[in-house]
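Naming convention: chains lettered A, B, ... in sequence-line order (proteins, then strands); numbering from 1 in each chain.
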Amino acid sequence: MSLGPFGLAFELIASGDPELMQIIGLSLRVTLTAVAIGCALGLPLGAALALARFPGRSVVVVVFNALMGLPPVVAGLAIYLLLSRSGPLGPLGLLFTPTAMVLAQTILILPIVISLTRSVIEVLWDEYQEQFRSLGSGRIRAVPTLLWDGRFSLLTGVLAGFGRASAEVGAILIVGGNIAGHTRTMTTAITLETSRGNLGLAVALGIILLGLTLSFNALAFGASGWARRVAG
Amino acid sequence: MKTFRALFGAAALALAAIPGAAADFITVASTTSTENSGLFGHILPIFTEKTGIEVHVVAQGTGQALETGRRGDADVVFVHARPAEETFVAEGWGVQRFDVMYNDFVLVGPEEDPAGARAAADAPAALAAVAAAGAPFASRGDDSGTHQAEKALWAAAGVTPGGEWYHETGSGMGATLNVAAEIPAYSLTDRGTWISFQNRGDLDIVFEGDPALFNPYGVILVNPEKHPTVKAEAGQAFIDWLVSPEGQAAIAEFKIDGQQLFFPDASGS
C-alpha cells in the first residue's frame, strides 16, 4: 500500500486484472450504447425541434433545456419504479441488468443531445434557409443536410452526452444494483470501494476512469480534425 | 437518412450483445455488511460451482433490501433485523425465515474516549455516556439493520438522540465510518464491516461484548405466491446450501487478517 494512487492505478492496468477489465468493458459498453441510442434519437429530434413551428414549441424547448439538469438519482428512481416487478414494465424482467442501465443513461443523455442539436441546427437554418427555399425543399428535407453540415459542431453535444453518461453513478446504482461481475461499472465500483474505506483503490479507479474519458475525447477530437482535413 | 439507419442498427446490435439474463441465476437482496466485508466474494463461487446457479447480490440497507423483496425484485433476502424480517414473513412477503449466522455490533469511537464509554457496564450505558457528554455520534439514519439496532439501544438507554452532536449520515456503514473517522465521532458498526474497513483514522473499538449487541442474520425466500416470477426452486437451493454443513463451513472459513467475521448458527433455529 506504499504506492500512491497513481502508482496503484498504473499497477492495476498493468496487471490486466480480469475483474477490472470486465468492469471497464461493461462501463464502455453501457455508456457507448446509451450514447449511440441517444444520438440516433436525439439528433433527428433536436433538428426537427429546431425547424418545426408549432404552438407550445417554446415550452418544449425549455423543458428539454431543463431536463439537461435532470438529477440522475431521480431518473434512476423513475426507471426503477417502471422496471420493478411491481411496476408497469415488470414482466420484462429488466431491473438489475445492463439493459436497464443503458435505458437510464439514454434518458439522461437524450435531453443534452436534443438541446445542443437544436441550438446548432437553428443557427445553420438561419444561415441557409434562403438556399433551401430557392431549391424548393421543405424543412423536413433539410434535416439530414443540416445535420451533416453541422456534424463537427454536433460532436460537442455527443461528447457532452458521453461525459454525462460515463461520469454518472446515481441512476445506474439504483437500476443496475452494482452486482459484481454483472452490473458493476467503474463509477459504482468507486462508490463501493469508498464505502469499504479503500480510498486509495477508489482514487486509483477514478484515475483510470478519467484516463478513459480523456482518451475517448482525444480520439473524437483527432477523428474530427482528420475528417475536416479530408473534407477539405 | 442512411446514417441514422446505420446508427439504429448499431444500437440494436449493441443492445442485443449485452447479456441480459444469464441462463440460471437468482437475485439476492442483501446488506452492505455482507457484501462490503467480502463474505459473498468468498462463499458464492463455492455455491455456483456446486449448483451451476449464479447469484446476483444487490447490496442495500436491510430496510431497502426487504422493500426490494416486497416488490418482487429479488428472489431471496439475506438481512439482519429480526423484527423487520418477522414482519416480512408474517405479512406473507416471505415464505420462512432461516437463521444463517451472526456477528456482533461494536461501538467505535475516538481512541482517547472523551465520553468514557469504555467504563460503561453495558451497551445502553455506553451510549448514554456518549449522549451525556454530548460527544459526536455518527448514525446510519437509513433504517438499515444496524440503524434499527442502534435505535433499540438508544431506547434501552432512555435517550432520544438528537441535537448538535448527533449526525445522521443517511448512508451505508462504510460511508458512515468514513464520516466518523473524519469528525472523529462515535458510531455503532457491525464487526464484519469494522474488521475489513481500511480508513479507521483515530477510531478504535470502545465497547463490545454485551449480548444486546448480538447481530443475527436471517435468509428468506420471497413468496412465489405474491410474485410468480420468483425463482423459488433455485432460491430455496441457495437457502438450503447456506444452512447446510457445507455452507456453514464456508461462512466460518471466511477470515480477514486471521479474524473470523461471521459465526454460523443455522443449527440454532
Side-chain angles (χ1 to χ4, degrees), chain A residues 1 19 26 29-30 32-44 80-81 83-87 90-103 106 143-144 147-148 151 173-184 188 191-202, chain B residues 1-22 25 27-29 32 35-38 40-41 44 54-60 68 70-74 171-178 181 193-194 196-201 222 226-230:
Chain A
M1 286 306 287
E19 198 185 333
L26 179 70
R29 216 160 62 218
V30 166
L32 292 177
T33 309
V35 169
I37 299 174
C39 291
L41 299 174
L43 291 172
Y80 175 87
L81 293 172
L83 296 183
S84 166
R85 289 287 183 189
S86 305
L92 296 178
L94 287 178
L95 192 67
F96 304 142
T97 65
T99 309
M101 298 156 79
V102 170
L103 186 61
T106 303
V143 166
L147 281 177
W148 180 248
R151 61 193 182 280
L173 195 59
I174 295 179
V175 304
N178 191 23
I179 297 166
H182 185 58
T183 56
R184 183 161 300 164
T188 61
T191 308
L192 175 68
E193 292 308 334
T194 304
S195 75
R196 295 168 94 156
N198 282 333
L199 303 189
L201 182 55
Chain B
M1 286 313 274
K2 229 194 224 159
T3 330
F4 296 134
R5 223 169 292 148
L7 268 178
F8 268 119
L13 266 180
L15 255 187
I18 289 185
F25 74 89
T27 304
V28 175
T32 50
E35 171 77 356
N36 288 12
S37 64
F40 281 129
L44 294 185
E54 245 187 78
V55 182
H56 290 174
V57 176
V58 182
Q60 307 168 320
T68 301
R70 233 173 250 128
R71 300 188 63 90
D73 294 324
S171 341
M173 193 69 254
T176 303
L177 285 175
N178 279 331
T193 303
W194 175 251
S196 56
F197 188 74
Q198 302 292 325
N199 182 39
R200 292 182 188 177
V222 176
K226 293 264 189 184
H227 293 289
T229 50
V230 166

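Put simply, the residue from B:V222, B:V230, B:D73 that forms a side chain to side chain contact (heavy atoms under 4.5 Å, CB included) with A:R85 is B:D73.
Atoms CZ and CG, on A:R196 and B:N178 in that order, are 13.0 Å from each other to the nearest 0.5 Å. B:R70 CZ to A:S84 OG: the interatomic distance, rounded to the nearest 0.5 Å, is 12.5 Å. Between A:N178 atom CG and B:E35 atom CD the span is 7.0 Å, to the nearest 0.5 Å.
Residue contact with chain B, scored on non-hydrogen atoms closer than 4.5 Å, is absent for A:R151. Contact of B:S196 with chain A is made through the backbone alone, with heavy-atom distances under 4.5 Å.
Ring-plane geometry between A:H182 and B:F25 is classed as tilted, the angle between the planes lying from 30 to 60 degrees on a 0 to 90 degree scale.
No other option in B:A59, B:G41, B:G72, B:G38 has as many heavy-atom pairs under 4.5 Å with chain A as B:G72. Chain B forms more heavy-atom pairs under 4.5 Å with one residue of A:L81, A:T183, A:T191 than with any other, namely A:L81. Across B:V58, B:L44, B:T176, the residue that shares the most heavy-atom pairs under 4.5 angstrom with chain A is B:V58.
With hydrogens and angles ignored, the 3.5 Å screen pairs no side-chain donor or acceptor of A:S195 with any backbone N or O of B:G174.
Looking only at side-chain heavy atoms (C-beta outward), A:F96 and B:T68 come within less than 4.5 Å of each other.
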